[in-house]
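Predicted, not measured: the structure shown is a model, and the values here were computed from it. When a residue number appears, it is its place in the shown sequence, counting from 1.
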Amino acid sequence: MIAKLAKTCTLRISPDKLNFILCDKLANGGVSMWCELEQENFFNEFQMEGVSAENNEIYLELTSENLSRALKTAQNARALKIKLTNKHFPCLTVSVEMLSMSSSSRIVTHDIPIKVIPRKLWKDLQEPVVPDPDVSIYLPVLKTMKSVVEKMKNISNHLVIEANLDGELNLKIETELVCVTTHFKDLGNPPLASESTHQDRNMEHMAEVHIDIRKLLQFLAGQQVNPTKALCNIVNNKMVHFDLLHEDVSLQYFIPALS
C-alpha cells in the first residue's frame with residue numbers, strides 16, 4: 001500500500017510504534033501521509049535503541065518498493081527478522097528463514113540501502129495537525145470510487161469533492177464542454193462531526209475542495225482491500241484529509257486544494 005502511495009518515505013521507529021511518513025510540504029502543493037502500526041501487533045520480539053533516552057526514536061529514509069519487494073519473499077517463511085546494519089553503508093537488512101523440504105532451513109537476506117535522518121530534521125517529520133473539518137463523512141466503497149475517478153481522469157485533471165452533513169458526497173468535474181457529477185447518498189456522518197457543527201449549520205450545505213485528480217487516484221490505487229473504517233474530512237477550499245483504518249494499520253492521507 002505504501003509503495004503505491006510514495007516512492008520514497010520515512011520510516012520512524014519508536015519503542016511502541018512504526019510509522020511510514022511522507023511529508024511533501026503542503027505549501028508546495030504536495031500530499032502528505034502518516035501511517036501507523038503498533039509494533040506489538042506485528043513482532044514477537046522487538047528491540048530498538050534510539051539516539052538517547054529522551055529521544056528514543058530512529059528515522060530512516062528508504063525506497064518503499066525495495067522494502068515491499070523484500071517482504072513479499074517472506075509470505076511463506078518460517079521467520080522474518082528486520083535489523084539495522086552497516087555494510088559499508090547503512091542498510092535495513094531483512095533476513096527471511098524459508099521453509100525447505102529437508103529439515104535444514106534456508107536464510108534469504110535482503111540489504112536495503114537507507115539514509116539515517118539526523119535529529120535536526122526530525123521536526124519536519126511529526127504527525128500532521130488535522131484542522132477542524134467543515135464536513136466529515138464516511139466514504140463509499142473505495143473500489144467503486146476508484147472506477148468513477150478513473151473515468152473522470154480521461155476528461156479532466158481537476159476534480160471537486162464536495163460533501164455535507166446529510167450523508168451526501170459528490171465528485172464533480174467541469175470543462176468548457178462538459179460537466180459530470182457522481183452522487184453518493186446515505187453515506188452517514190460520524191456522530192461527533194455532525195453534533196458539534198449542526199446546531200449552527202445547514203445540514204445540506206456543501207463543503208468543497210478542488211484537487212488534482214491524479215493525487216486522488218494515486219491514493220485510491222493504493223487501497224488493495226476495503227478498510228474497516230474510511231473517513232473523508234473536508235476543510236473548505238483548503239484540503240481533504242482521508243482517515244483509514246485497516247485492522248492493525250491506520251493511514252492518514254492529506255491532499256491540498258489547488259490554488
Backbone N/O of [Y] and side chain of [X]: donor-acceptor pair under 3.5 Å:
X      : Y      : value
Asn233 : Ser136 : no
Asp212 : Arg214 : yes
Trp122 : Ile117 : yes
Gln39  : Pro15  : yes
Asp166 : Glu168 : no
Asn236 : Asp134 : no

Would you call [X] and [Y] a side-chain contact if the rule is heavy atoms closer than 4.5 Å?
X      : Y      : value
Cys232 : Val240 : yes
Glu247 : Thr228 : yes
Cys23  : Thr10  : no
Ile255 : Ile161 : no

Should [X] and [Y] be counted in the same cluster of Ile, Leu, Val, Met, Phe, Trp and Tyr side chains packed under 4.5 Å apart?
X      : Y      : result
Tyr138 : Met203 : no
Val180 : Met145 : yes
Leu187 : Leu159 : yes
Val31  : Leu139 : yes
Leu18  : Ile58  : yes

Polar contact flag, side-chain donor to acceptor under 3.5 angstrom, Gln252-His241: yes
Less than 3.5 Å apart, any donor N or O on the side chain of Asn170 or Glu162 sitting next to an acceptor on the other? yes
Would you say [atom1] of [X] has more than 12 non-hydrogen atoms from neighbouring residues, nucleotides or ligands within 6.0 angstrom?
X      : atom1 : value
Glu174 : CD    : no
Arg78  : CZ    : yes
Glu127 : CD    : yes
Lys185 : NZ    : yes

Leu5 vs Leu251, test: side-chain contact (heavy atoms from CB on, under 4.5 Å). Steps then yes/no. CA-CA 11 Å; Leu5 294 177; Leu251 172 72; 3.9 Å; yes
As a test of understanding, state which of Val160, Ile234, Val135 forms a side-chain contact (heavy atoms from CB on, under 4.5 Å) with Val209. Ile234
Table please: side-chain donor-acceptor pairs of residues 65-72 below 3.5 Å, with sequence neighbours left out.
none

Sorted by first residue and then second, give each side chain to side chain donor-acceptor pair (under 3.5 Å) pair with at least one member in residues 85-95; sequence neighbours left out. Thr85-Thr93, Lys87-Asp111, Thr93-Asp111
Name all pairs fulfilling the side chain to side chain donor-acceptor pair (under 3.5 Å) condition that reach into residues 140-158, sequence neighbours left out, sorted by first residue then second. none
Given side-chain contact (heavy atoms from CB on, under 4.5 Å), test Leu37 with Phe20 step by step and report yes or no. CA-CA 9 Å; Leu37 295 71; Phe20 290 97; 4.0 Å; yes
Which is it for Ile82 and Phe42 under the side-chain contact (heavy atoms from CB on, under 4.5 Å) test, yes or no, and what are the steps along the way? CA-CA 12 Å; Ile82 302 176; Phe42 292 87; over 6 Å; no
Under the side-chain contact (heavy atoms from CB on, under 4.5 Å) rule, what do Ile137 and Leu231 come out as? Steps first, then yes or no, please. CA-CA 6 Å; Ile137 190 167; Leu231 259 186; 5.8 Å; no
